[in-house]
Amino acid sequence: MSDAYTGGCACGEIRYEISSDPVAMVDCQCRDCQRKSGTGHSSYLAFMGKSSVKLEGEATHWDLVADSGNVKTRAFCPTCGSPVYVTFKAAPDVIAIHAGSLDDPSRYKPQLVTYAVRGHAWDHLDPALPKFEKMPPR
Ligand SMILES: [Zn+2]
Ligand SMILES: [Zn+2]
């Protein structure tokens, strides 16, 4: 196992420490990720097993129905507004953190692109990455 993944919001009120390795690293171009990031996509590291995740600080939570029809919960800092992590009603053991919230964002190595069908010509991603119109098949 590699060193823990640490990070948090811009003002430091929300902090996390994750002692497992990510199961997936994904650029998502869905409309929700565009609105949340303010640009063409959001970048996530997904981890399995909430027991390996230590959270500090009180995030504000907001539920929304994703393009897929699943309910996801966005957690963001009430003070600085930074999106920090996302959880999923249908997959309660998964937590996805925003790559930009890492103390060392260079640890993010995107593996695939989801919801490419919503992508914009101006949002250029690595052409070598496998792209899925929506979610990859399970
Ligand atoms: Zn903050
Ligand atoms: Zn998305």
Side-chain angles (χ1 to χ4, degrees):
M1 196 177 68
S2 51
D3 292 341
Y5 286 77
T6 58
C9 68
C11 76
E13 198 167 301
I14 317 276
R15 293 286 305 166
Y16 58 77
E17 185 181 322
I18 303 169
S19 55
S20 60
D21 285 318
V23 292
M25 297 195 252
V26 178
D27 287 332
C28 183
Q29 295 185 305
C30 80
R31 285 293 289 138
D32 174 56
C33 289
Q34 294 173 13
R35 290 193 177 97
K36 167 167 48 179
S37 68
T39 183
H41 66 278
S42 295
S43 300
Y44 300 98
L45 296 84
F47 295 86
M48 287 289 276
K50 291 218 175 107
S51 55
S52 65
V53 180
K54 264 195 290 184
L55 283 170
E56 268 173 46
E58 280 294 312
T60 299
H61 297 97
W62 184 59
D63 285 353
L64 75 162
V65 179
D67 277 2
S68 61
N70 291 322
V71 176
K72 51 186 180 183
T73 303
R74 280 168 42 172
F76 56 95
C77 175
T79 302
C80 70
S82 308
V84 184
Y85 59 92
V86 181
T87 53
F88 309 89
K89 280 244 158 51
D93 213 33
V94 176
I95 183 166
I97 62 156
H98 283 266
S101 72
L102 286 168
D103 290 335
D104 179 6
S106 71
R107 295 182 78 183
Y108 177 64
K109 309 263 191 288
Q111 297 163 327
L112 56 107
V113 178
T114 55
Y115 279 90
V117 68
R118 300 267 195 262
H120 300 290
W122 47 262
D123 185 41
H124 293 285
L125 298 172
D126 182 352
L129 291 177
K131 282 192 166 147
F132 295 90
E133 279 204 358
K134 295 184 168 179
M135 294 299 283
R138 298 259 161 202

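Counting convention: from 1, in listed order, for ligands and their atoms alike.
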- Message: In this structure, is the centre-to-centre distance between the rings of Tyr44 and His98 below 6.0 Å?
- Response: yes
- salt bridge (charged side-chain N to carboxylate O under 4.0 Å, His left out) filter on Asp103, not counting sequence neighbours, yields Arg15
- Message: With clusters defined by side-chain heavy atoms of hydrophobic residues (ILVMFWY) lying less than 4.5 Å apart, directly or transitively, does Ile14 cluster with Ile95?
- Response: yes
- Closer than 2.8 Å to the Zn ion (ligand 1) - protein N, O or S atoms, ordered by chain and residue number: Cys9 SG, Cys11 SG, Cys77 SG, Cys80 SG
- Evaluate whether atom NZ of Lys54 has more than 12 neighbouring non-hydrogen atoms of other residues, nucleotides or ligands under 6.0 angstrom away. no
- Mind checking salt bridge (charged side-chain N to carboxylate O under 4.0 Å, His left out) for Lys72 and listing every partner two or more places apart, or none if nothing turns up? Asp32
- Item | Same apolar cluster (I L V M F W Y, side chains within < 4.5 Å links), Leu55/Met48 | no
- Query: Would a hydrophobic clustering, with Ile, Leu, Val, Met, Phe, Trp and Tyr connected at side-chain separations under 4.5 Å, put Met25 with Phe47?
  - Reply: yes
- Within a strict 2.8 Å cut-off of the Zn ion (ligand 2), protein N/O/S atoms tallied 3
- Query: Quick one: does Ser82's side chain have a donor or acceptor within less than 3.5 Å of a partner on Ala10's backbone?
  - Reply: yes
- Quickly, which of His41, Gln34, Gln29 forms a side-chain hydrogen bond (donor to acceptor under 3.5 Å, both in side chains) with His120? Name it, please. Gln34
